[in-house]
Amino acid sequence: MAQQDTDQSVNDEFIVDTEDCEERETAHRERGTSRPITVHGNPVLHRECKDVTEFDEKLAQLIDDMFASQRTAEGVGLAANQIGVDLKVFVYDCMDDEGVRHVGHVCNPVLEDLPADRRILDDSNEGCLSVPTAYASLARPDYAVVRGQDMKGNPVRVQGTGYFARCLQHETDHLYGYLYIDRLSKRDRKDALRQMAEGTPRYPVVAND
């Protein structure tokens, strides 16, 4: 299937984000500049981000920078506020549980409600670049659908299963001011913050003053 001008080809109502993954990710990353990651405690991570309203070259450059930053940090998803930008956009380069690679971006994402028969919970471990070196078990649905817009303002829908579904939910949460540790019990959250305090990030971070 030929890639459309939207940077992500569309098939039926879901984007096809599994084609030409290496080429698309490399192109974004090589145009971008890696930025340090903001970490828990930075105010930009703890409030809802602003809607993207201008789909321009500045937004395209931000997305390129996010792909570069994601690669540096060896992450599978990155929200704009994780590099200090107060806008609702995230990028991803993530495998699903079948080993299929997904690469793309979503602006102004909204998680769609799932029917009861699709809400099968998976309590796998979860981590976050903004809570470096910490991991905790967190139950999330193993299927997710996110709708939003691409960098040109065109409507998109993304679906994911397994680990990729977790990624879509995790990154959307970020843009509404939630870290995964906010969904943990008090005990598990305290343990995750202890792991973060005792660990050393493997990538550049913005220190909280």
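These numbers come from a predicted model, not from an experiment.
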Quiz item: Is the shortest distance from a Lys or Arg side-chain nitrogen in Glu19 or Arg24 to a carboxylate oxygen in the other one below 4.0 Å?
Solution: no
Self-check item: Steps toward salt bridge (charged side-chain N to carboxylate O under 4.0 Å, His left out) verdict (Asp182, Arg189)
Solution: CA-CA 7 Å; Asp182 297 327; Arg189 185 176 188 274; 3.7 Å; yes
Quiz item: In this structure, are over 12 heavy atoms from other groups packed under 6.0 Å from Glu198 atom CD?
Solution: yes
Quiz item: Are Ser124 and Arg166 side-chain neighbours, meaning at least one heavy-atom pair lies under 4.5 Å?
Solution: yes
Quiz item: Do Val206 and Val44 share a hydrophobic cluster (ILVMFWY, side-chain heavy atoms under 4.5 Å, transitive)?
Solution: no
Practice problem: Indicate whether the side chain of His105 and that of Asp150 have a donor and an acceptor atom separated by less than 3.5 Å. | Solution: no
Quiz item: According to a 4.5 Å side-chain heavy-atom criterion applied to Ile, Leu, Val, Met, Phe, Trp and Tyr, with indirect links allowed, do Val106 and Tyr176 form part of one hydrophobic cluster?
Solution: yes
Self-check item: Val100-Val145 co-clustered via ILVMFWY side chain contacts under 4.5 Å
Solution: no
Quiz item: Does atom CG of Asp113 have more than 12 heavy-atom neighbours, drawn from other residues, nucleotides or ligands, at distances under 6.0 Å?
Solution: no
Exercise. Taking atom types as modelled, find out whether Gln61 and Asp65 have a side-chain donor-acceptor pair closer than 3.5 angstrom.
Key: yes
Quiz item: Are Leu179 and Ile83 in one and the same hydrophobic cluster, where Ile, Leu, Val, Met, Phe, Trp and Tyr link if side-chain heavy atoms are under 4.5 Å apart?
Solution: yes
Quiz item: Does the side chain of Tyr163 come under 3.5 Å of the side chain of Asp142 through a donor N or O and an acceptor N or O?
Solution: no
Quiz item: Between His40 and His46, what is the ring plane arrangement, given parallel below 30°, perpendicular above 60°, and tilted in between?
Solution: perpendicular
Quiz item: More than 12 non-hydrogen atoms from neighbouring residues, nucleotides or ligands closer than 6.0 Å to CD on Glu57, yes or no?
Solution: no
Exercise. Verify side-chain contact (heavy atoms from CB on, under 4.5 Å) between Val85 and Met66, making sure each step is shown before the conclusion.
Key: CA-CA 10 Å; Val85 179; Met66 290 171 67; over 6 Å; no
Self-check item: Between Tyr135 and Gln195, a side-chain donor and acceptor under 3.5 Å
Solution: no
Practice problem: Using the salt bridge (charged side-chain N to carboxylate O under 4.0 Å, His left out) rule, take Glu25 and Arg71 through it: C-alpha gap first, then chi angles, then the decisive distance, then the call. | Solution: CA-CA 9 Å; Glu25 190 276 338; Arg71 175 58 70 92; 3.0 Å; yes
Quiz item: Can you say whether the rings of Tyr92 and Phe164 are parallel (under 30°), tilted (30 to 60°) or perpendicular (over 60°)?
Solution: tilted
Exercise. For atom OH of Tyr178, decide whether the heavy atoms of other residues, nucleotides or ligands shown that lie under 6.0 angstrom number more than 12.
Key: no
Quiz item: Is it true that Ile37 and Leu87 fall in one hydrophobic cluster, defined by side-chain heavy atoms closer than 4.5 Å?
Solution: yes
Practice problem: State, yes or no, whether a side-chain contact exists between Asp173 and His170 at a heavy-atom distance under 4.5 Å. | Solution: no
Quiz item: Taking the side chain as C-beta and beyond, is there a heavy-atom pair between Arg202 and Glu74 under 4.5 Å?
Solution: yes
Quiz item: Side-chain contact, heavy-atom cut-off 4.5 Å: Asp122 with Arg140?
Solution: no
Quiz item: Is the shortest side-chain N to carboxylate O distance from Arg183 to Glu126 below 4.0 Å?
Solution: no
Self-check item: side-chain hydrogen bond (donor to acceptor under 3.5 Å, both in side chains) evaluation trace for Ser130 with Gln82
Solution: CA-CA 7 Å; Ser130 292; Gln82 291 185 272; 3.0 Å; yes
Practice problem: Determine, stepwise, if the pair Thr26 / His28 fulfils side-chain contact (heavy atoms from CB on, under 4.5 Å). | Solution: CA-CA 5 Å; Thr26 298; His28 280 300; over 6 Å; no
Self-check item: Flag for Asp51-Thr53: side-chain donor and acceptor within less than 3.5 Å
Solution: no
Self-check item: Geometric cation-pi criterion, Arg29 with Phe67: 6.0 Å, 45°
Solution: no
Self-check item: Flag if over 12 foreign heavy atoms under 6.0 Å of CZ, Arg194
Solution: yes
